[in-house]
Amino acid sequence: MSSDHGPLPPSQSAQDDTAVPVGAMEDQDTSPPLPRIQTSSPPHEEGEDDFNACAPTRPTDRSMLYPKRNAAPPESFAPSVSSTASNTPLGSRTASPVPFDYSGASSYDSDSDSEPESHLLPRAQRQAGWREGRARPWWSLSLGSSDSADGRRHRRRWRDAIWGVRTCRRVARRLVRHPLFPKTPVTILLALLFLALFGVSLTFLLIYILNPDKEPLPWRGYCTLPQYSGGPPSLALSTTSWLRTPLSTNFTLPPFPPPDFDSLAPAGIFLGVFSIDTSVERRMYVRSTWAKHVRSREGAGAGDGGIGTSRTIVRFIMGQPRKEWERQVQLEMDTYNDIVILPIQENMNQGKTHAYFTWAANNSWVPPVYHDDYAKKPEGFSYTDVTSSPPTLASHDPPLAHRDQFNNTSPRPWVRPDFVVKADDDAFVMLAELEAHLRVELYKDPLPPPTPPSVRKQHAARQAPPQPDRNGESPEILDVSENTHAAGSADPADPLVFWGYLIKNRFMGGELYALSFALVDWVARDPVVKTMTHGAEDKQTSKWIRRHPRADEVRWSSERCWIYDHPRAGTVYSHGFLFPSEVRRVQQVVRRDLELLEQQIESDAGSGGVPPGQDIRAPDKWALSTVSKFGTRYAPPVPGLNLEYSVEALVEGSQMSLVREDGALTPDFAWEYREGRRKRYADKRLGGTVVVHFIKKNMWFLETAAALLYGDDVTPFERSSELARGPDADSDASPDQAEEVEDALPTTGSAESEEGSASDDERTLSSTGGEGEQ
């Protein structure tokens, strides 16, 4: 080789002599040498050292490239800095072109036995670090080897994620490049406006679809037909089922209160108003109005001196207050003595109601019966003899309780309540009316226990002819007697009452409902009920009552007439403030409608139209109100009414609610001939509104207080009319005298003339005021 290419440099020759052993030279392969490619060196400037000349020359011994088997490795080898031995393929492989991403740098040492990196080699040969014993770096995020199932899944997930991102970018790019895509400021603003309108429209559409209350309820029919009172409504009953065939028009509504009402001892009521730490203002409104006011506690007219509500206690129920409100709530508790803090975080549908009933089962107390001259008293119940020392009184507690603690050094001990009531703080409660309804329920005869299943089967078997068995003999009927009371009914004398506003024949409305103490005690102790505390609290409470061991004996008593929403609420339960005088006028109209409806059903039944037991749609005019309209924001009948006129306009059926800008009836005239409280209550103490709900604003709360608690018992016009008839004359003694008094009021014709463009239902509705006044 030296003869072909010239003498080698001395350094290179010496390096070859020392690098190649003698034994290796003797066994050197005699294969022909590889041809060398002549390359031309670039020109050098004078005085510059030749880089290749200064570098050590690669040995020419072929044994370094093709060592013999079992040959000893060379002791040392110093490749040139410009050597490409690490990138030279082995002699057993054919020459291949340089990869397109070749960088010219080697990732392997010259003495490495592994093959160089190449796209033509398998992945397993290129990732051979595990063969050399190198540990995986700690920062490696690989979940498995490249050939394992975990590794393949990991790579597949990354490919799917990257593909999804790329697809989104591609779609976004095409969308932006679309000719209709807004690019100028004007088109961008129009596009944003369109998107906003679309979002708002979609939101309202979803609200309408998901809202189950789409039509106003026939509250006029609720006030006329008998209320539901009996066992739990069947779940098979339709949620809208109310008016069914055959209709009965010969029913008689029982008077309220009943004739023997004053002979019944007052019911003990513990009323818990659900509140939160921030509702300080609403709690102050409650303390100063319906929790304390004489017309709320004693009723209309002269009242009863507070005897009826002498056993009614009002407390505010709260969860644990937040850190920033703890001091203020503690000061409020020390000042008013009417706040109960439950050992739970504040919530609405996450167990607060169950925690309240659990607390009430052990800590609720009410004053005893202070008078003994009653024909019936709550005696013989399991909780009658359980007593406790009286607590510190609140300012709105019954006056008789204050008098007992003030006059006696040893006041009478308090006892368990007959009813535990849950109410919301957006409800306005007339305490005397509430106590009267619950007092009547307390002394009603209990529902008879249901017939045991075995007795029912036995009765059915006796009614049906016995079927002979295979041998032709009649089977013997066994008389199996069972205990009619299920487990957990150790005190059958305790009343089982669930009172409230029945919604959709499923549950009592959460604005206010009452449970007798026996039910409260069972709810607090039943282990299954403790697992059913999350969800809409009013629905969950009804589910608890349905799970009672004696569920068929629990009396569900509904009151749909005297519980309603505020006139400004605009809900399906909303109408004007209601008084007994207007209800009497409503009942007269509804009874006539029932007679016409019965005749129509009979004519349809004659032709095979309406079978018995069929649900009937109530007339639309039964849902009309002279004050509010469903789905429409309330507006005064005429603008510019003063405070007294505007409150009077919220009373259902009042002359002020019928005033119109283009009518003959003026606000001053309607105010002068309004009804006084004595006439509205028909000279009775009770029989009016129990609860007004959905009072979301403080102004609405004050309007409710003004309408239900304030006002003249006798108006100036009524007083002058009484004086004109004489001191012994009674305003309601003779219908003829009543007509003389009401001659000045607008008649039905005038009311219809004001609503000349209204529908027939609206004319009938507006005429009820004239009929009642006459």
Side-chain angles (χ1 to χ4, degrees), residues 256-257 261-262 266-275 281-316 336 338 366-367 393-403 417 419 421-440 499-500 511-514 559 561-566 577-580 647 650-651 676-678 680-682 684-695 698 700-713:
F256 187 86
F261 179 78
D262 292 332
I269 300 174
F270 187 93
L271 195 155
V273 181
F274 277 27
S275 183
E281 190 174 8
R282 180 56 60 91
R283 290 193 291 272
M284 294 302 299
Y285 281 144
V286 172
R287 292 186 183 108
S288 60
T289 54
W290 61 262
K292 184 179 182 180
H293 200 277
V294 62
R295 283 181 173 171
S296 174
R297 282 197 166 269
E298 299 185 12
D304 64 345
I307 297 177
T309 58
S310 62
R311 305 185 63 209
T312 301
I313 299 298
V314 178
R315 294 292 183 267
F316 297 100
Y336 297 102
D338 59 358
V366 296
L393 297 180
S395 60
H396 50 74
D397 282 341
L400 291 180
H402 281 276
R403 192 179 309 164
F419 292 94
V421 182
K422 178 264 172 184
D424 293 337
D425 63 353
D426 63 343
F428 194 98
V429 185
M430 300 293 287
L431 294 180
E433 300 285 355
L434 175 64
E435 190 276 333
H437 283 79
L438 295 182
R439 189 194 304 189
V440 173
W499 185 91
E511 62 270 18
L512 185 143
Y513 54 83
E559 179 51 66
C561 179
W562 301 110
I563 300 178
Y564 52 89
D565 286 355
H566 192 276
F577 297 123
L578 207 55
F579 290 93
V647 173
L650 295 174
V651 176
R677 290 178 57 87
R678 192 181 71 179
R680 283 176 173 172
Y681 279 92
K684 293 183 179 180
R685 186 175 66 89
L686 300 169
T689 296
V690 180
V691 179
V692 178
H693 181 232
F694 210 85
I695 306 177
N698 292 333
W700 299 3
F701 195 95
L702 297 176
E703 286 177 345
T704 308
L708 299 180
L709 301 180
Y710 299 95
D712 298 330
D713 285 333

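Residue numbers count from 1 along this sequence.
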Could I get the full list of salt bridge (charged side-chain N to carboxylate O under 4.0 Å, His left out) partners for [X], not counting sequence neighbours?
X	result
D425	none
E435	R439
D565	none

Minimum side-chain heavy-atom gap [X]-[Y] below 4.5 Å:
X	Y	value
P580	K684	no
P398	I313	yes
L271	V429	yes
D426	H693	yes
W499	L434	yes
E703	L650	yes
V286	F316	yes
T704	I695	yes

field: Test salt bridge (charged side-chain N to carboxylate O under 4.0 Å, His left out) applied to D713 and R295, R680, R678, the passing residue
entry: R295
message: Tell me whether R297 is salt-bridged to D397, with the criterion being a basic N under 4.0 Å from an acidic carboxylate O.
response: no
field: Minimum heavy-atom distance between F428 and W290, given as atom pair plus value
entry: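 Residues F428 and W290, closest heavy atoms: CD1-CD1, 3.7 Å.
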Mind checking the [atom1]-[atom2] spacing from [X] to [Y]? Nearest 0.5 Å is all I need.
X	Y	atom1	atom2	answer
I563	Y513	CD1	OH	13.0 Å
F579	Y681	CZ	OH	5.0 Å
L686	H437	CG	NE2	9.0 Å
L708	T689	CG	OG1	5.5 Å
S395	K292	OG	NZ	5.0 Å
T289	F701	OG1	CZ	3.5 Å

- request: Test R677 against D712 for salt bridge (Lys or Arg N to Asp or Glu O under 4.0 Å), laying out the working first.
  value: CA-CA 6 Å; R677 290 178 57 87; D712 298 330; over 6 Å; no
- prompt: Could you go step by step and tell me if N698 and E281 meet the side chain to side chain contact (heavy atoms under 4.5 Å, CB included) rule?
  reply: CA-CA 9 Å; N698 292 333; E281 190 174 8; 3.2 Å; yes
query: Between the side chain of E433 and the main-chain N/O of G687, is any donor-acceptor distance below 3.5 Å?
result: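 Here the side-chain-to-backbone pair exists.
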- prompt: Where does the angle between the aromatic ring planes of F577 and H566 fall among parallel (under 30°), tilted (30 to 60°) and perpendicular (over 60°)?
  reply: perpendicular
message: Whether the D338 and H396 side chains hold a donor-acceptor pair (N or O, under 3.5 Å, no angle test) is what I'd like checked.
response: yes
